[in-house]
Undergrad: 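Please read through the structure below; I'll follow up with questions.
Throughout, protein chains are lettered first and strands after them, A, B, ... in sequence-line order, and every chain is numbered starting at 1.
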Amino acid sequence: MAHMKLMPSGIYSFEHTSRRLAALEKSAYQVRDDRFIRTLRLGERLIAVELWWMGDGLAVEVSEELSSQQLEELSQRLRRMFSLDVDLSSFYQRLEGDPNLGNLIRERRGLHVVLDASLYECLIRTIISQQLNLSFAGTLIQRLIERAGDTIVHRGETLWVFPTPEQVANLSYEDLQELQFNRRKAEYVIDLSRKVVDGFDLDQLYTLSDDDVVKKLLPIRGIGRWTVECLLLFGMGRTDLLPAADIGVRNALRHVFETTEQPSEEEVRRLGEAWSPWRSYAVFYLWDYLGSTKNSQ
DNA sequence: GGCCAGGCTAGCA
DNA sequence: TGCTAGCATGGC
């Protein structure tokens with residue numbers, strides 16, 4: 001049994017941030033009482049991590065012995081996944097007084113982006129989510145995990161672990177069509193996985209600028225501009241991304257500005273200039289705001 | 001029952 | 001270079 005407590009670098013609200021974990025329930029996080037359970041691959045090892053907020057930091061419990069090196073690796077991954085080192089004070093300084101976004105930003109003080117566990121997982125999730133409502137996308141992701149992934153037993157309960165590129169590469173297009181993927185989406189997901197197995201190194205993207213990541217990924221079939229922007233935002237935690245074509249962002253802005261029409265992609269980009277260099281966070285707060293308006297209707 | 005969903009590709013002008 | 005039909009199915 002291993003314990004850790006990870007402290008945030010600046011103002012941090014787990015109450016706000018954990019809403020995204022609950023939204024990802026089943027396909028990424030299990031919710032048990034006040035704890036969130038996430039399965040991870042640590043090198044070759046499969047582990048289940050329990051997470052909860054304890055006073056002023058993120059408490060972590062792993063139900064296995066880990067070497068000090070593995071603990072250090074886990075600590076770094078969780079710090080990145082939960083954006084614990086992202087200090088939002090300059091974001092608030094810049095935008096808390098914004099006439100349009102100020103209210104919803106103040107209401108969410110301390111909300112941080114939660115990243116996916118790996119760039120591969122993020123890309124697969126994002127591709128599956130293209131043009132589908134989030135609920136159905138979550139169903140498809142869960143079906144993929146249960147078709148291709150591994151399981152581990154944690155506290156007597158069987159939990160799924162997101163599949164590796166190898167595991168997905170071994171599927172056929174028909175396998176995914178049976179799970180109600182359309183043919184093209186089945187091809188995108190499997191072909192990308194085979195490309196990674198054949199040596200396309202996603203982690204090398206960490207060394208590149210935002211623009212160079214776009215150039216590197218855009219030629220891949222199934223990956224458009226929106227998908228790369230989501231990878232930069234939810235996979236890599238880059239803080240100044242604006243997926244301006246995103247229907248959720250446009251809907252949220254329609255609410256904020258109380259207009260009947262959604263703003264166009266170009267209008268969103270123009271509006272977003274005022275949010276730089278924190279466009280990712282403006283977008284993330286808008287998504288969270290949109291979720292709250294949907295739940296209250 | 002019809003329109004929309006955290007888009008993308010291929011084909012056409 | 002720019003535009004758009006088609007994708008496939010669930011949610012509301």
Side-chain angles (χ1 to χ4, degrees), chain A residues 19-28 104 108 111 113-116 119 121-144 147 173-193 195 213-238 241-256 259-269 271-272 275 279-297:
Chain A
R19 274 198 294 274
R20 179 156 181 86
L21 309 187
L24 289 168
E25 186 170 5
K26 291 187 179 170
S27 84
L104 69 92
R108 289 165 175 74
L111 169 66
V113 176
V114 179
L115 304 188
D116 287 316
L119 298 188
E121 177 173 334
C122 181
L123 267 182
I124 297 296
R125 285 179 180 277
T126 307
I127 289 171
I128 291 174
S129 302
Q130 287 167 1
Q131 205 260 335
L132 296 179
N133 65 70
L134 288 180
S135 168
F136 182 45
T139 300
L140 292 182
I141 291 165
Q142 182 60 18
R143 286 181 187 161
L144 172 68
R147 178 67 180 76
Y173 303 141
E174 290 74 17
D175 289 333
L176 292 189
Q177 286 180 279
E178 284 173 14
L179 306 182
Q180 290 177 292
F181 284 57
N182 69 44
R183 175 72 184 195
R184 278 212 302 229
K185 196 161 283 194
E187 291 170 3
Y188 298 162
V189 166
I190 289 177
D191 290 349
L192 172 66
S193 301
K195 193 176 176 64
V213 173
V214 173
K215 281 181 197 147
K216 193 94 179 169
L217 293 183
L218 224 43
I220 299 175
R221 193 161 166 269
I223 298 181
R225 180 169 184 177
W226 177 85
T227 302
V228 183
E229 288 168 336
C230 285
L231 179 76
L232 285 159
L233 205 166
F234 283 119
M236 307 178 73
R238 302 274 169 103
L241 264 294
L242 177 58
D246 180 84
I247 197 72
V249 174
R250 295 170 58 205
N251 269 330
L253 288 170
R254 184 169 60 80
H255 273 271
V256 170
T259 55
T260 51
E261 297 288 317
Q262 294 174 347
S264 69
E265 179 174 349
E266 281 318 305
E267 287 168 330
V268 175
R269 288 200 195 283
L271 282 169
W275 312 334
R279 281 176 280 202
S280 298
Y281 269 82
V283 164
F284 195 67
Y285 278 53
L286 283 167
W287 270 324
D288 191 68
Y289 165 75
L290 184 65
S292 69
T293 63
K294 277 181 181 166
N295 293 335
S296 65
Q297 278 170 7

Undergrad: Over how many whole Å does the gap from A/L253 atom CG to B/dG6 atom P extend?
TA: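 Distance, rounded to whole Å: 15 Å.
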Undergrad: Ignoring backbone atoms, test whether A/N182 places a side-chain nitrogen or oxygen under 4.0 Å from the OP1 or OP2 oxygen of C/dA8.
TA: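 Answer yes for this pair, as a side-chain N or O of A/N182 is under 4.0 Å from OP1 or OP2.
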Undergrad: Nearest-nucleotide wise, let me know which of A/G222 and A/W226 is further upstream toward the 5' end of DNA chain B.
TA: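 This one resolves to A/W226.
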Undergrad: State, with a plain yes or no, whether a side-chain heavy atom of A/V283 is found less than 4.5 Å away from one of A/P243.
TA: yes
Undergrad: Ignoring the backbone of A/Q180, work out which of C/dT9, B/dA5, B/dC8 is nearest its side chain.
TA: C/dT9
Undergrad: Would you indicate which nucleotide in B/dC8, C/dG10, C/dA8 comes nearest to any side-chain atom of A/R183?
TA: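 In terms of side-chain proximity for A/R183, the closest of B/dC8, C/dG10, C/dA8 is C/dA8.
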Undergrad: Using the C1' atom on both, measure B/dC4 against C/dA8 and round to a whole Å.
TA: 13 Å
Undergrad: Nearest whole angstrom, please: distance from the P of C/dA8 to the OH of A/Y173.
TA: 14 Å
Undergrad: Using whole Å, report how far CD1 of A/I127 lies from C1' of C/dC7.
TA: 16 Å
Undergrad: By nearest atom, which of the nucleotides B/dG6, C/dT9, B/dT9 is closest to the A/L134 side chain?
TA: B/dG6
Undergrad: If you check every side-chain atom of A/R221, which of B/dT9, C/dT9, B/dC8 has the closest atom?
TA: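 Nearest to the side chain of A/R221 among the choices is B/dT9.
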Undergrad: Under 3.5 Å, is there a donor-acceptor pair linking the side chains of A/N182 and A/Y188?
TA: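 There is no such pair between these side chains.
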Undergrad: Show the nearest heavy-atom pair for residues A/S292 and A/R108, with the distance to one decimal.
TA: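 Heavy atoms of A/S292 and A/R108 come nearest at OG-NH2, 3.1 Å.
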Undergrad: Near A/E261 CD, under 6.0 Å, is it more than 12 heavy atoms from other residues, nucleotides or ligands?
TA: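 Atom CD in A/E261 is not crowded, with 12 or fewer foreign heavy atoms closer than 6.0 Å.
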Undergrad: Between A/L179 (CG) and C/dA8 (P), how many Å, whole number?
TA: 14 Å
Undergrad: Applying a 4.0 Å non-hydrogen cut-off, can you work out what A/Y188 is touching in the nucleic acid: base, sugar-phosphate, or nothing?
TA: sugar-phosphate
Undergrad: Which of the following nucleotides, C/dG10, B/dG7, C/dA8, is nearest to the side chain of A/T227?
TA: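 For A/T227, the side-chain atoms sit closest to B/dG7.
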Undergrad: 5'-most contact on DNA chain C: A/K185 or A/T139, nearest heavy atom basis?
TA: A/K185
Undergrad: So, does the side chain of A/R20 form a donor-acceptor pair with the base of B/dG6 at under 3.5 Å?
TA: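 Between B/dG6 and A/R20, which were checked side chain against base, a qualifying N/O pair under 3.5 Å is present.
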Undergrad: Hunt down the Watson-Crick or G-U wobble partner of C/dA8, both distances under 3.5 Å, from any strand shown, or write none.
TA: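 In the structure as shown, C/dA8 has no Watson-Crick or wobble partner.
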Undergrad: Assign each of A/L132 and A/S135 to its nearest nucleotide of DNA chain C by heavy atoms, then name whichever residue's nucleotide is nearer the 5' end.
TA: A/L132
Undergrad: In whole angstrom, what separates A/R184's CZ from B/dG7's P?
TA: 15 Å
Undergrad: Give a yes-or-no answer on whether the side chains of A/R125 and A/S27 include a donor-acceptor pair shorter than 3.5 Å.
TA: yes
Undergrad: Could you tell me the separation between the CD atom of A/Q177 and the P atom of C/dC7, rounded to a whole number of Å?
TA: 13 Å
Undergrad: Measure centre to centre between the rings of A/W275 and A/Y285, then say whether the value is under 6.0 Å.
TA: no
Undergrad: Closest approach of A/S129 and A/I141, non-hydrogen atoms and distance?
TA: OG-CD1, 4.2 Å
Undergrad: Select base, sugar-phosphate, or nothing to describe what A/L140 touches, counting heavy atoms under 4.0 Å on all strands.
TA: nothing
Undergrad: With nearest nucleotides of DNA chain B determined for A/P219 and A/I247 from heavy-atom distances, which residue corresponds to the more 5′ nucleotide?
TA: A/I247
Undergrad: Could you work out which one of B/dG7, B/dA5, C/dG6 sits closest to the side chain of A/Q130?
TA: B/dG7
Undergrad: Would you indicate what A/L286 reaches in the nucleic acid, counting non-hydrogen atoms under 4.0 angstrom: base, sugar-phosphate, or nothing?
TA: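 If one applies the 4.0 Å heavy-atom cut-off, A/L286 turns out to touch nothing in the nucleic acid.
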Undergrad: Give a yes or no on whether a donor-acceptor pair under 3.5 Å exists between the nucleobase atoms of C/dG10, that is its base, and the side chain of A/N133.
TA: yes
Undergrad: Checking all strands, does A/F234 fall into the base, sugar-phosphate, or nothing category for heavy-atom contacts under 4.0 angstrom?
TA: base
Undergrad: Can you measure A/R254 atom CZ to B/dA5 atom P for me and round it to whole angstrom units?
TA: 9 Å
Undergrad: Roughly how many Å apart are C/dG6 and B/dC3, using the P atom of each and rounding to a whole number?
TA: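 Nearest-Å result for B/dC3 against C/dG6 at atom P: 15 Å.
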Undergrad: Report the distance from atom CG of A/L217 to atom C1' of B/dC8, rounded to the nearest whole Å.
TA: 15 Å
